[in-house]
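These notes are about the structure you will find just below.
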Amino acid sequence: SGQLTVRSSTISDNETGSGGAGELGLGGSGGSGAGLRTMLGAVAIVEYSTVADNRTGAGGTGLTNGTAGYGGGLYAATGTLSMTHSIVADNEVAAGGQGADIWGPWVSTGFMLVRDTNDWSVVGDVVTGQDPLLGALTQAGGLTPVRPIPFASPAVNAGDPGFIGPPLVDQRGVARVQGERIDLGAYELATTTLHVAVGGVDVDNDCRMPGAPCATLAHAVQQALPGDTILLGAGQHQVAGLDLDRSLTVLGMDVTNAILQAAASANLATQRLLSVAAGLTVTVQRLTLQHGHAPDGVAAGSDGERGGAIF
């Protein structure tokens, strides 16, 4: 018996033991609950946390093989487990095990994301079957490793719209809330500077590391939180027909020659560079914007569109 509360923490990369070989008899069972297991009469509360990439042990070999462990992330068949504002995803069981993320009944007090949908039941609301797009364990500006999430994650801005705390900070000490609503899990995606450079890479890149910039402004915008700054390196950056749908600063690095252009030359352009949605605050600074072309009128006597570079 007893009560455990896990708050603003990451449970990741843990394993239960595998069963011992039975030789001429029954192999031992793999341990259950690689992230956390409740025992009879115990109460476990998980809140504002991330449980990911934990694995149960295999059953031991024998004349009859033992069973693999259940509950790669959490085993909740005994005791009481309740959770809120947390992510449980990408956990695993050994072959023959059940409940990759959770095994058994549990209680959601709201705003939960559990990726695997098998072998558990819940009282309360939970989002299931969605990939939270967790990054690898990294310090991400804090003193302890966390599993960061990008702007595209369904866990971003997915928490209680009325949240006022506690907790007032995430695992790293970053203030909650940074966006429109609190994020799920132990990591709060914070406003920051994103980096774009000629020769960068967009694939699987959140643009937040200066040494690993993205290739395009369009990709960086999709990774950005409202209020972020996107820093463009020197050179010519192709951008045409890009709709800015959040408040941002787009900034040329230092006084280098950072150019935004819709085409290699003015006569090849068919689109304006940027469109800014109503009600936003966007700053463009230390950039040359060139070779934009607002669309021509199509019907007889129709007007050409306005805003050749920005509208």
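FYI, side chains are in, hydrogens and waters are out, and symmetry mates aren't considered; it's all heavy atoms of this structure.
A donor-acceptor contact under 3.5 angstrom links the side chains of S29 and T67, judged on distance only. T216 and D202 are linked by a side-chain donor-acceptor pair at a separation below 3.5 angstrom, with hydrogens and angles left out of the test. T144 and Q171 form a side-chain donor-acceptor contact under 3.5 Å, judged by distance and modelled atom types alone.
Here the side chains of I11 and N54 are in contact, with some heavy-atom distance below 4.5 Å. L36 places none of its side-chain heavy atoms less than 4.5 Å from the side chain of V51. Residues Q285 and V250 are not in side-chain contact: their nearest non-hydrogen atoms beyond the backbone lie 4.5 Å or more apart. A heavy-atom distance below 4.5 Å is found between the side chains of D170 and R176. By the 4.5 Å heavy-atom criterion applied to side chains, I45 and V6 are not counted as neighbours. V174 is not listed as a side-chain neighbour of V169, based on a closest heavy-atom distance of 4.5 Å or more. A heavy-atom distance below 4.5 Å is not found between the side chains of L248 and T229. Using a 4.5 Å heavy-atom threshold, the side chains of T50 and V146 count as separate.
Atom CG of D125 has 12 or fewer heavy atoms from other residues, nucleotides or ligands within 6.0 Å. More than 12 heavy atoms of other residues, nucleotides or ligands sit less than 6.0 Å from atom CD of Q139. Dense packing is recorded around CG of N267, with more than 12 heavy atoms of other residues, nucleotides or ligands lying under 6.0 Å away. The 12-atom threshold is exceeded at CG of L63, counting heavy atoms of other residues, nucleotides or ligands nearer than 6.0 Å.
For the pair T283 (side chain) and T249 (backbone), a donor-acceptor distance under 3.5 Å is absent. A donor-acceptor pair under 3.5 Å is formed between the side chain of Q178 and the backbone N or O of A175. Between the T56 side chain and the A94 main chain, a donor and an acceptor come within less than 3.5 Å of each other. A donor-acceptor contact shorter than 3.5 Å links the side chain of D160 to the backbone of G162. Counting only distance, with no hydrogens or angles, the side chain of R246 and the backbone of V221 share a donor-acceptor pair below 3.5 Å. Judged purely by atom type and a 3.5 angstrom limit, S12 uses its side chain to pair as donor or acceptor with the backbone of A52. Within the 3.5 Å criterion, the main-chain N or O of A136 finds no donor-acceptor partner in the side chain of T138. Using modelled atom types, one side-chain atom of R181 and one backbone atom of G159 make a donor-acceptor pair closer than 3.5 Å. A donor-acceptor pair is defined here as one N or O able to donate and one able to accept, closer than 3.5 Å; such a pair exists between the side chain of N205 and the backbone of A212.
Residues D183 and N157 come closest through the heavy atom pair OD1-N, 2.7 Å. Summarising the geometry of A100 relative to V93, their closest heavy-atom pair is CA-CG1, 4.1 Å, with the distance given to 0.1 Å. Shown here for S247 and V282, the closest heavy-atom pair between the two residues is CA-CG2, 4.4 Å. Closest heavy-atom contact between Y75 and Y70: CD1-O, 3.7 Å. Scanning all heavy atoms of the two residues, the minimum distance from R286 to M253 falls at NH2-C, 4.2 Å. Heavy-atom minimum distance, V196 versus A220: CG2-CB, 3.6 Å.
With values rounded to the nearest 0.5 angstrom, D206 atom CG is found 13.5 Å from Q222 atom CD. Note that CG of L251 is 8.5 Å distant from OG1 of T193, once rounded to the nearest 0.5 Å. Between M112 atom CE and E47 atom CD the span is 11.0 Å, to the nearest 0.5 Å. Here CE of M39 is found 13.5 Å from OG1 of T80. Values are rounded to the nearest 0.5 Å. Rounded to the nearest 0.5 Å, atoms OG (S49) and CG (L184) are 11.5 Å apart. One distance of note links CG of L225 with CD of E180; it measures 9.5 Å at 0.5 Å rounding.
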Apply the test side-chain contact (heavy atoms from CB on, under 4.5 Å) to residues V156 and I149: give CA-CA distance (whole Å), side-chain angles for both, the deciding distance (0.1 Å), then the verdict. CA-CA 8 Å; V156 171; I149 51 176; 3.8 Å; yes

Item to complete: Before giving the answer on salt bridge (Lys or Arg N to Asp or Glu O under 4.0 Å), spell out for R115 and D131 the whole-Å C-alpha distance, their side-chain angles and the decisive distance to 0.1 Å.
Response: CA-CA 6 Å; R115 185 175 185 180; D131 184 355; 3.4 Å; yes

Q: In sequence, state the C-alpha distance, the side-chain angles, and the governing distance for L134 and I87, and then conclude on side-chain contact (heavy atoms from CB on, under 4.5 Å).
A: CA-CA 9 Å; L134 295 170; I87 299 170; 4.3 Å; yes

Exercise for the section: Step by step, work out the side-chain contact (heavy atoms from CB on, under 4.5 Å) result for H219 and C207. Expected result: CA-CA 9 Å; H219 180 75; C207 315; 3.7 Å; yes

Next on the checklist: Under the criterion side-chain contact (heavy atoms from CB on, under 4.5 Å), I'd like the reasoning laid out for V88 against I102: C-alpha separation, chi angles, the key distance, then a yes or no.
Outcome noted: CA-CA 8 Å; V88 185; I102 305 174; 4.0 Å; yes

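Residue L260 is tested with T288, L232, I310 for a side chain to side chain contact (heavy atoms under 4.5 Å, CB included); the sole match is L232.
R7 forms no cation-pi arrangement with Y48, by the criterion of a distance under 6.0 Å to the ring centre and an angle within 45° of the ring axis.
Under a hydrophobic clustering in which Ile, Leu, Val, Met, Phe, Trp and Tyr are joined whenever their side-chain heavy atoms come within less than 4.5 Å, directly or via other members, V122 and F111 fall into different clusters. Hydrophobic cluster membership is shared by L217 and L244, with clusters built from Ile, Leu, Val, Met, Phe, Trp and Tyr side chains linked at under 4.5 angstrom. Hydrophobic cluster membership differs between L268 and V239, with clusters built from Ile, Leu, Val, Met, Phe, Trp and Tyr side chains linked at under 4.5 angstrom. A chain of hydrophobic side-chain contacts below 4.5 Å, direct or via other Ile, Leu, Val, Met, Phe, Trp or Tyr residues, connects L194 to L242. Y187 and M209 fall into different hydrophobic clusters, where Ile, Leu, Val, Met, Phe, Trp and Tyr are joined by side-chain heavy atoms under 4.5 Å apart, directly or via other members.
A salt bridge links R208 to D228: one of the charged nitrogens lies within less than 4.0 Å of a carboxylate oxygen. Between E188 and R172 there is no salt bridge, since no side-chain nitrogen of the basic residue lies less than 4.0 Å from a carboxylate oxygen of the acidic one.
Ring geometry, H85 versus F163: the interplanar angle falls from 30° to 60°, so the pair is classed tilted.
Listed by first and then second residue, the salt bridge (charged side-chain N to carboxylate O under 4.0 Å, His left out) pairs that reach into residues 51-73 are D13-R55, E15-R55, D53-R147, sequence neighbours excluded.
Between W106 and W120, the ring center distance clears the sub-6.0 Å criterion.
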